[in-house]
Structures are given as C-alpha cells and as structure tokens.
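Each remark here refers to the structure printed beneath this line.
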Amino acid sequence: MSADTVVAPAGSAGPADAVSSGLTPLFVRLKLALLKNGLRQSSGRTAAFIASFVLVVLFSAAQLLGLILLRGTEFAPAFTLLITLVLALGWTFMPLFFPSGDETLDPSRLVMLPLRPRPLVRALLVASLVGIGPLFTVCLVVGSVIAVAHGFAGAVTALLGAVLTVLTCVALARTVATLNVRLLTSRRGRDLAVLSGLVIAVGIQVVNFGWQRLARSGDLSVLDPVTEVVQWIPPASAVGAVHSVSEGAYGRGVCQLLLAVAALVLLLWVWERGLVKLMTEPDGSTLQASSGPSRKESKAGPLSRLLPDGRTGATVQRVLRYIWRDPKTKGAWITSLAIGLIIPVFNALQGTGSVYLACIATGMLGMLTFNQFGTDTSAFWMVATSISTTRDAYEELRARLLALLAITIPYTLLVTCVTAAVVGDWRTLPEVLGLAFALLGALLAAGMVASMRYPYSVPSEGSKTVAPGQGSLAWMSLVAGVVVSMVLCAPLIALTVWLHVAGHATWILLPVGTVYGALAAWVGLKAAAPGTARRLPEILGAVSKG
C-alpha cells in the first residue's frame, strides 16, 4: 500500500472514505466474532474462557466492593493512585510479554486494506474495550474514582477521570503493540515473551519485599512522598484530579485532568503515526537483497580458542549456543538465575535470610540438567549419529557437563558471596560453598541419569514445556532426580550437622564438599554413559516428538 492510499487529504473521496464510514461498529463486530469463533475451536478452550470470565468477574466485583468500602478513609487517595499506576504499567507491558494473547493487537494484518489511520485508530480503540481485561480495568477504575469522589463536582470529575483512565490504558497497549509489532512477530519477540516468567517472578518478589517492609512499619504515611509524585503521572493524574476537586483544590484538579487529556491525545497521535509508518514503509522482507559481496563467516570467538579441539569443544559450544539462542532454554536459565539470586538476597535484606539459602540458587540450576537431551528436540538425531560406543556417549555427556559447569560454578560463587555480604556472616561462607558444590555435583549426577532413563521432548512452539503424552515422563524424571540427589547429599549433610554439634571447624566442608561433588558428578557420568549408548534409539524417539 502506498502512502497516498493511507494518508489521503481530508476532503478527498474514494474507497478509503467508503470503508472508513461505519468502521467502528464493524471492528466491534469483528472483535466479537473473533471471540465467538475462538470458543468454537474446542470445548476445552470454551471451558477455560468461561472459567476465566467467572473468576475475573468475581475478583473484579470484590475489588470494586473493597475500593468502595475504602471511601472516606485517609488511605484511599494513596491506594487508588498507586493501583491506577500499576494498572497502567500492566497495560503498557502486556503486549510485549504476551503478543499472542490478542490477535487484534497486530495491525500489520490490516496493511492491505484501504483504511485511513485516524478512523482506524478510533475503531481499534473502541474494539479494544471488548474483552475480559477491559472489564477488569473498568471495575478497578470505577472503584478507584468512587473511593476518592465527594460532592457534585467530584462526581463529574470522577466520570471524566474514569473515561480518561480506561482509554489511556487501552491506548498504551495499542501504541506499544503498533510501535513494536515487527519485533513481537519475530523470533526476538518470542524470546521476549518467554522471558515474561522472569519479569513476573521478579515483580512478585519486589512487591512482596515492599509489602513486608510496609507491614512492619505499620504506617501507610510512608507512601505520601510517592503519592505526591504519582498524582501528576498520567493516567493516575485523572484519579488525582478527582481527589483534588473533591477537596476543593479546583485549580490543581483541572491541571491534573488536563495533564491526563494531553497524555491521551499524545498517545493517540503516536499511535496514528505508528500506523502510517507501518502501512507505508517496507520491512526487511520486501527490501531487495544487497548485490554486494557476501559477508565472510565470523571468525572463531575467544571461547573457541579456550576449548580443546574435537568433540568436547564442539559440544560445549553447541550447548552454550542452545542456552543463548533457544527461546525456551534461554527463558528457563535466565528465570532460574534471577530467582536463585533474588530469594536469598531479598530474604537477607528483610533480616530473615541466611547464607544457607544460597544453596537454592545452585539447586535451581542443577535441576535444569534433568532433561539434557529434550531441549535438542528433533535435532538430537545429528548427535545420535555420532554416538556408536560407550566412549562416544561418555565424551558427549562430559562435554555437556563442562558447559553447565562453566555457568553454575561462577554463579554459585557469586550468589554465595553476595548473600554472605548482605547477611554479614563471612564465617559461614566456606561451609556453604562446600555444601553448594556437593549439591551441584549430586544434581548433575542425578540429571545425567534422569536424562538417560526418562527423556522427553520440549515443544519448540507454544508455551508448553512437555510434549503431549509425556507428562508422566517429566514427573518421573523430576522425582527420580530429586530423590537421587537427596540420597547423594545425605552424607555431607550428616557431616555438617556432626561438625556443628561437636564444635569442630566447619571450614573443612569447603574442600570436602568440592571433592565430594566432583566425585558424585564423575560417578553419575560413568553410570549414565553405558545406558545412553544402549538406549540411544529410545532417547531419540522420545525427544523427537515435539
């Protein structure tokens, strides 16, 4: 589509004018049709939608009632302002983390239609108000403005403020989706969606940390400096305007309301310009390939120069590339790395932590090894063709083990030292490091055996981490790996308890735990190699189902 087709003069008539007239009700009907047809695909999807709808309605009603009961209290302004800001942030980042959650968020599907951007913005904005998310938003916003509105002027401002807040939230999601639509539909966009679990986990820990700090203080007045700033940030400024007008501060209320209006107008303008750019500018798939000389293949990086030649070096590089490039593998590793650091450090900051909690980080990384072949999916056949003897399987597993140790050992040192520094207990550091290295060796040994005995495939597409029909294998792999690792760690745990009870020096656990972990990993490697070579056809068949 050319630029002239999309952005035509306001007074000209043509196909775009005919299509644009009545565009808003058409898009609303299309949105309803998408919801209806989606429910017809399967009974499971219908049941999930109905259950989600009922839960959202019940939760929204409870939130609405709670906000109404908050009316007249001294904490109502601070609470409603913060909840409005969090709601707006959720709408802003929702299309980045869940790009496939709403098919209508992709405006590139409308590129070939003779539509003008301004009527299209209006139609998409109204159609976006149809759904479970907008219903929850409306209930939350209505409850927020009711909680702070007093008097006739406050009620009128509450009506305007509620409309502005809801429209701004929807416009935020639409603008972000339009400006990043080519990213969201690419492989990098899928990587970003996979990492949503990390953001959610980190967000939960941050909220939990803040809530506990607030509960210990017992005084919500500590939020006053925050609310003084938030009340001027759109769309929370619309709710702040309701409170200001209700308190008689009409000038401040008008300024806050105008600020919310200006933010909405700016968002709509940016959204419109993004649509024009999307519909008139070519993307990379339509550009002619360069006629210049082809790029030279990249030279070997510093990592390849550090690794030995042959199978070991190639396997280590392959495993590390999978961790970096495969969306699901990357998401699992980054989530485990983040949560493994957050839990001990946040507990230490709250005064309830211990250096021993650093072993959680080691445990989370070690459990990622319980299905080493499954992440290869159908590409594992290339590895299988190079394994014909127990020695080949041993070298393959050893190289995979070295790749994992290249990440887990420095990470274990980092988390343990940071936790010890925050807690202020450096004396416990050597014994915790020894326990962590022993736990790591036990988990790696259990992971190699579990990968050999209970392999399963990880689907490359979608959000599932286990291929259909292999759920029992995944559970058996997890349970067997955890049980084996606990049994292997039992002697060192008993030694730790005995040293503490007898009053002996516990620093001896560092060399003992390190040697014990290395020995456990070596034993697991020797035990898994023959079984891997013998069961190679079964492993290949199991991991290729995704």
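No experiment lies behind these values; they were computed from the predicted model shown. Residue numbers run from 1 in the order of the sequence given.
The OH atom of Tyr356 lies 6.0 Å from the OG1 atom of Thr428; values are rounded to the nearest 0.5 Å. Atoms CD1 and CG, on Ile409 and Leu402 in that order, are 9.5 Å from each other to the nearest 0.5 Å. Rounding to the nearest 0.5 Å gives a distance of 10.0 Å between CG of Leu519 and CG of Leu488. Here the CG-CG distance, from Leu404 to Leu365, works out to 9.0 Å after rounding to the nearest 0.5 Å. The structure places OG1 of Thr532 at 10.5 Å from CZ of Arg453, a figure rounded to the nearest 0.5 Å. Here the CD-OG1 distance, from Gln317 to Thr312, works out to 11.5 Å after rounding to the nearest 0.5 Å.
None of Thr514, Thr408, Leu435 except one satisfies the side chain to side chain contact (heavy atoms under 4.5 Å, CB included) rule with Leu440; the exception is Thr408. Under the side chain to side chain contact (heavy atoms under 4.5 Å, CB included) test applied with Glu431, the options Leu495, Leu499, Thr506 reduce to a single match, Thr506.
No more than 12 heavy atoms of other residues, nucleotides or ligands lie within 6.0 Å of CZ in Arg427, so this atom counts as exposed by the packing criterion. The local environment of CH2 in Trp232 is crowded, with over 12 non-hydrogen atoms from other residues, nucleotides or ligands closer than 6.0 Å. Counted within 6.0 Å of CH2 on Trp426, heavy atoms from surrounding residues, nucleotides or ligands total more than 12; the atom is thus considered enclosed.
Taking the side chain as every heavy atom from C-beta outward, Ser451 and Arg400 never approach each other to under 4.5 Å. In this structure, Ser354 and Val423 have side chains that are not in contact, with every pair of non-hydrogen atoms separated by 4.5 Å or more.
Shown here for Ala521 and Ala445, the closest heavy-atom pair between the two residues is CA-CB, 4.2 Å. Nearest heavy atoms, Ser336 versus Tyr411: O-OH, 3.9 Å. The two residues Ile233 and Leu85 come nearest to each other via the heavy atoms CG2-CD1, 4.1 Å. Residues Val415 and Ala361 come closest through the heavy atom pair CG1-CB, 3.8 Å. Between Ala528 and Met448, the shortest heavy-atom distance links the atoms CB-O, 3.7 Å.
Side-chain atoms of His243 and Gln231 include no donor-acceptor pair closer than 3.5 Å.
Ring geometry for Phe380 versus Phe373: interplanar angle of 30 to 60°, hence tilted.
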